[in-house]
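Everything on this sheet refers to the single structure shown next.
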Amino acid sequence: MKRALILVDIQNDFSPTGALPVAEGNEIIPVVNQLIPQFEHVVATKDWHPSGHGSFASTHDTDIGSFIDLDGIQQIMWPDHCVQYSVGSEFIEGLNVDAITHVVHKGTQPKVDSYSGFFDNQRLGKTGLADYLTSQGITDVYITGLATDYCVKFTALDAVDLGFNTWVVVDACRGVNMQPDDCDKACAEMKAAGCQLITSSQLLN
Ligand code: VGL
Ligand code: ZN
């Protein structure tokens, strides 16, 4: 058994003042920083879109929150966010970035979104996260980050699907809640898929 802590998209644009704000998104920082010393492997994902990405409402001159068909799959329209090398794409201030042992970028293809840290939404391209974890002999993943109802959820579902023992540290995650119960639904889905939902206190001695 070898464990890794996964930090999903802890980036400025998902902080409460960011382009795609997650309420209380910054409140996970002290929780994640407390968890980090418990782990030898700390892997971060970054949402890393080219400008004019297909998930941006501005690209299609349409409304945020509306849906379009993007290369054959339904895609919700987001504000421009996490554009490569922008301030919004940087890790949220205060996160212990020195402890991060590996970073994976996702959402780099203009015509497909990538909520999961493992695959794009079409499941055509791999980010390299699974290969990295496997190469390190990691069997168990502990997932934290933003947002519970999008990237955390899809990362956790893929992790289970790929055969990793998967824990979601719920107090180290926050969600968008486009609909008020999206985070509750996401937690139920992750649990039903075989993820174990825990709180950070269960990992701290
Ligand atoms: C995310 C929406 C769009 C996330 C990324 O990190 O959860 N959500 N892009
Ligand atoms: Zn995105």
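Just follow the structure's listing: the first ligand is 1, and inside any ligand the first atom is 1. Keep in mind that the numbers below use all heavy atoms, side chains included, and drop hydrogens, waters and symmetry copies.
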- Task: Decide whether an N or O pair under 3.5 Å exists between Phe14 and ligand 1.
- Result: no
- Quick one: sort the Tyr150 and Trp78 rings into parallel, tilted or perpendicular, breaks at 30° and 60°. perpendicular
- Separation of Lys185 NZ from Gln179 CD (nearest 0.5 Å): 7.5 Å
- Is it true that atom CD of Glu40 has more than 12 heavy atoms of other residues, nucleotides or ligands lying nearer than 6.0 Å? no
- the Zn ion (ligand 2) has as its nearest N, O or S atom from His49 the atom NE2
- Answer yes or no for His81: is there a heavy-atom contact with ligand 1 below 4.0 Å? yes
- Quick one: report the N, O or S atom of Asp47 that is nearest to the Zn ion (ligand 2). OD2
- Message: Under a 3.5 Å distance rule, please check whether Thr148 uses its side chain to pair with a backbone N or O of Arg174 as donor and acceptor.
- Response: yes
- Item | Residues Asp140, Lys2: salt bridge by 4.0 Å N-O rule | no
- Short list, please: which atoms of ligand 1 are under 4.0 Å from a heavy atom of Leu20? 2 (C), 3 (C)
- Just jot down the ligand 1 atoms closer than 4.0 angstrom to any heavy atom of Cys151, in number order. 1 (C), 4 (C), 5 (C), 6 (O), 7 (O)
- Query: Between Asp80 (side chain) and Phe56 (backbone), is there a donor-acceptor pair under 3.5 Å?
  - Reply: no
- Looking only at protein heavy atoms, which one is nearest to atom 5 (C) of ligand 1, and how far off is it? Asp47 OD2, 3.1 Å
- Item | Those atoms of ligand 1 less than 4.0 Å from some heavy atom in Tyr150 | 7 (O), 8 (N)
- Is His53 close enough to the Zn ion (ligand 2) to have an N, O or S atom under 2.8 Å? no
- For the residue pair His102 and Tyr132, categorise the inter-ring angle as parallel (less than 30°), tilted (30 to 60°) or perpendicular (more than 60°). parallel
- Item | Atoms in ligand 1 flagged as close to Asp9, the criterion being non-hydrogen separation under 4.0 Å | 4 (C), 6 (O)
